[in-house]
J.: 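Input: one structure, supplied below.
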Amino acid sequence: MESDKRKKGNRTFYIAVGIIILVLLTLYTLFLMWLGGGYLEEGIAGYVSHTVKMTGLAVALGALLVYSYRRIESRKEALFWILFLCIYLLLCIYLFRNIILDIPYISRPECTRLEVISWDVDTEMEQYMPYKIEGLDEDGKKQRFTVNKSTYKKYRREYSINTADVMYLPHTRIVMELELGEALPEGEKS
């Protein structure tokens, strides 16, 4: 009987520790998203910020899954739990696929040159407004990347800048480096 009390006490302890970790991760993620104010979008900081956001979401959903496991009382509930577990695993694969695929590109990101560039702010979200640079790549396709708020504020009114060399991670599309300049006159190549 005492071992049952000890098991319940251990279970309660693990649940409490899990909830505390979940709350801390959630607060950290909110700090990165909203209090960061668009300053953690480029470079390694942007990659880490993106990874932390996805990890926080996966941990929160995982905690709900673990909590619901303890409430299973019938075979039907067990089948629903297994279904939700499968959905959770597929979601985790979806969330972390691009992050993992970009690991080899961190030291050597892809590069594209944008011409006819413009700056934009997505105002659809109230608390967090991503700042964007967009333009036409070498193939004439429209490309759009999220940049730091400081980059946006520094260059958005520079009308002489009409080209941008963007080094980015191809799967998450996080800008690692941005070089802005003036386009060469028609017919000139560097």
Side-chain angles (χ1 to χ4, degrees), residues 20-63 88-183:
I20 289 170
I21 290 171
L22 177 65
V23 167
L24 290 175
L25 274 173
T26 303
L27 289 174
Y28 183 66
T29 302
L30 290 173
F31 171 76
L32 288 176
M33 285 178 64
W34 291 295
L35 298 180
Y39 287 105
L40 297 172
E41 302 294 335
E42 294 177 29
I44 289 295
Y47 183 76
V48 170
S49 171
H50 182 74
T51 303
V52 167
K53 290 174 197 175
M54 296 303 118
T55 303
L57 181 60
V59 167
L61 294 174
Y88 172 75
L89 293 174
L90 289 173
L91 181 66
C92 284
I93 290 169
Y94 175 76
L95 290 175
F96 292 105
R97 179 182 172 272
N98 290 338
I99 292 170
I100 293 168
L101 288 174
D102 273 342
I103 290 173
Y105 293 98
I106 291 175
S107 60
R108 289 187 323 248
E110 287 193 3
C111 182
T112 187
R113 174 167 280 203
L114 299 180
E115 294 183 357
V116 193
I117 62 171
S118 62
W119 301 90
D120 190 22
V121 180
D122 281 348
T123 56
E124 295 171 4
M125 297 181 227
E126 288 181 29
Q127 302 294 329
Y128 170 74
M129 293 189 298
Y131 300 89
K132 307 282 186 178
I133 182 173
E134 58 185 36
L136 301 175
D137 65 8
E138 294 92 359
D139 299 328
K141 292 192 314 188
K142 189 175 186 178
Q143 298 284 340
R144 189 171 187 178
F145 297 96
T146 302
V147 295
N148 285 340
K149 183 178 183 178
S150 57
T151 303
Y152 172 81
K153 285 187 171 189
K154 183 176 181 181
Y155 295 112
R156 68 182 169 156
R157 298 211 187 270
E158 294 287 331
Y159 298 109
S160 63
I161 297 174
N162 48 16
T163 65
D165 291 327
V166 182
M167 279 64 79
Y168 66 99
L169 302 177
H171 300 285
T172 55
R173 303 201 37 93
I174 294 171
V175 174
M176 297 303 281
E177 193 176 330
L178 185 66
E179 294 177 12
L180 300 164
E182 296 179 24

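Values below: every heavy atom of this structure, side chains too, minus hydrogens, waters and symmetry copies.
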J.: Are side-chain heavy atoms of E41 and I174 found at a separation under 4.5 Å?
T.: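 Not in contact.
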J.: According to salt bridge (Lys or Arg N to Asp or Glu O under 4.0 Å), who are the partners of K142, at least two apart in sequence or on a separate chain?
T.: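 By the salt bridge (Lys or Arg N to Asp or Glu O under 4.0 Å) rule, K142 matches E134.
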J.: Side chains of L91 and F96: does their closest heavy-atom pair fall under 4.5 Å?
T.: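 No, side chains not in contact.
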J.: If you take all heavy atoms of S107 and P104, which pair is closest and at what distance?
T.: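 Shortest heavy-atom separation between S107 and P104 comes out as OG-O, 4.0 Å.
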J.: Whether the side chain of D165 engages the backbone of R113 through a donor-acceptor N/O pair (distance < 3.5 Å, no angle test) should be reported.
T.: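 The answer is no, because no donor-acceptor pair under 3.5 Å joins these two groups.
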J.: Applying side chain to side chain contact (heavy atoms under 4.5 Å, CB included), run through Y47 and I99 and close with a yes or a no.
T.: CA-CA 8 Å; Y47 183 76; I99 292 170; 3.4 Å; yes
J.: Mind checking whether T146 and V175 have side chains closer than 4.5 Å, heavy atoms only?
T.: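 With C-beta onward as the side chain, the pair stays apart.
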J.: Is there a side-chain contact between Y168 and L178 (heavy atoms, below 4.5 Å)?
T.: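 A side-chain contact under 4.5 Å is absent here.
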J.: As an exercise, state the distance from SG of C111 to CE of M176, rounded to the nearest 0.5 Å.
T.: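 C111 SG to M176 CE: 13.0 Å, rounded to 0.5 Å.
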J.: With sequence neighbours left out, what residues match R156 under salt bridge (Lys or Arg N to Asp or Glu O under 4.0 Å)?
T.: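 R156 satisfies salt bridge (Lys or Arg N to Asp or Glu O under 4.0 Å) with no other residue.
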J.: How far does CG of L169 sit from OH of Y105, to the nearest 0.5 angstrom?
T.: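 Interatomic distance, L169 CG to Y105 OH, rounded to 0.5 Å: 10.0 Å.
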J.: Sorted by first residue and then second, give each salt bridge (Lys or Arg N to Asp or Glu O under 4.0 Å) pair with at least one member in residues 166-180; sequence neighbours left out.
T.: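 Checked against salt bridge (Lys or Arg N to Asp or Glu O under 4.0 Å) - neighbours excluded - no pair reaches residues 166-180.
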J.: Taking atom OG1 of T51 and atom CG of N98, what is their separation to the nearest 0.5 Å?
T.: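 So the OG1 of T51 and the CG of N98 are separated by 11.0 Å.
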J.: Quick one: salt bridge (Lys or Arg N to Asp or Glu O under 4.0 Å) partners of D137, sequence neighbours excluded?
T.: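 None.
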J.: Could you check whether atom CZ of R144 has more than 12 heavy atoms from other residues, nucleotides or ligands sitting under 6.0 Å from it?
T.: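 Yes, the 6.0 Å shell around CZ holds more than 12 heavy atoms from other groups.
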J.: Tell me if the OH atom of Y155 is crowded by more than 12 foreign heavy atoms within 6.0 Å.
T.: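 Counting neighbours around OH of Y155, 12 or fewer heavy atoms of other residues, nucleotides or ligands fall under 6.0 Å, so no.
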J.: Considering residues at least two apart in sequence or located in another chain, which fulfil the side chain to side chain donor-acceptor pair (under 3.5 Å) criterion with T172?
T.: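 Partners of T172 under the side chain to side chain donor-acceptor pair (under 3.5 Å) test: D102.
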J.: Tell me, with the steps shown, if T112 and E138 meet side chain to side chain donor-acceptor pair (under 3.5 Å).
T.: CA-CA 7 Å; T112 187; E138 294 92 359; 3.1 Å; yes
J.: Tell me, do L180 and I133 make a side-chain contact under 4.5 Å, heavy atoms counted?
T.: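 Heavy-atom side-chain distance check passes, below 4.5 Å.
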J.: Working to the nearest 0.5 Å, report the span between OG1 of T151 and CH2 of W119.
T.: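 If I round to the nearest 0.5 Å, the distance is 6.5 Å.
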J.: Could you state the interatomic distance from NE2 (H171) to CG (L101), rounded to the nearest 0.5 Å?
T.: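 H171 atom NE2 to L101 atom CG measures 4.5 Å (nearest 0.5 Å).
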J.: Does any non-hydrogen side-chain atom of L114 lie less than 4.5 Å from one of T163?
T.: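 Heavy-atom side-chain distance check fails, nothing below 4.5 Å.
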J.: Report the residues that fulfil ring pair (Phe, Tyr, Trp, His ring centres under 6.0 Å) with Y152, sequence neighbours left out, ordered by chain and then residue number.
T.: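 Y131.
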J.: Kindly compute the distance separating SG (C92) from CG (L57), expressed to the nearest 0.5 Å.
T.: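 Reported value, rounded in 0.5 Å steps: 8.0 Å.
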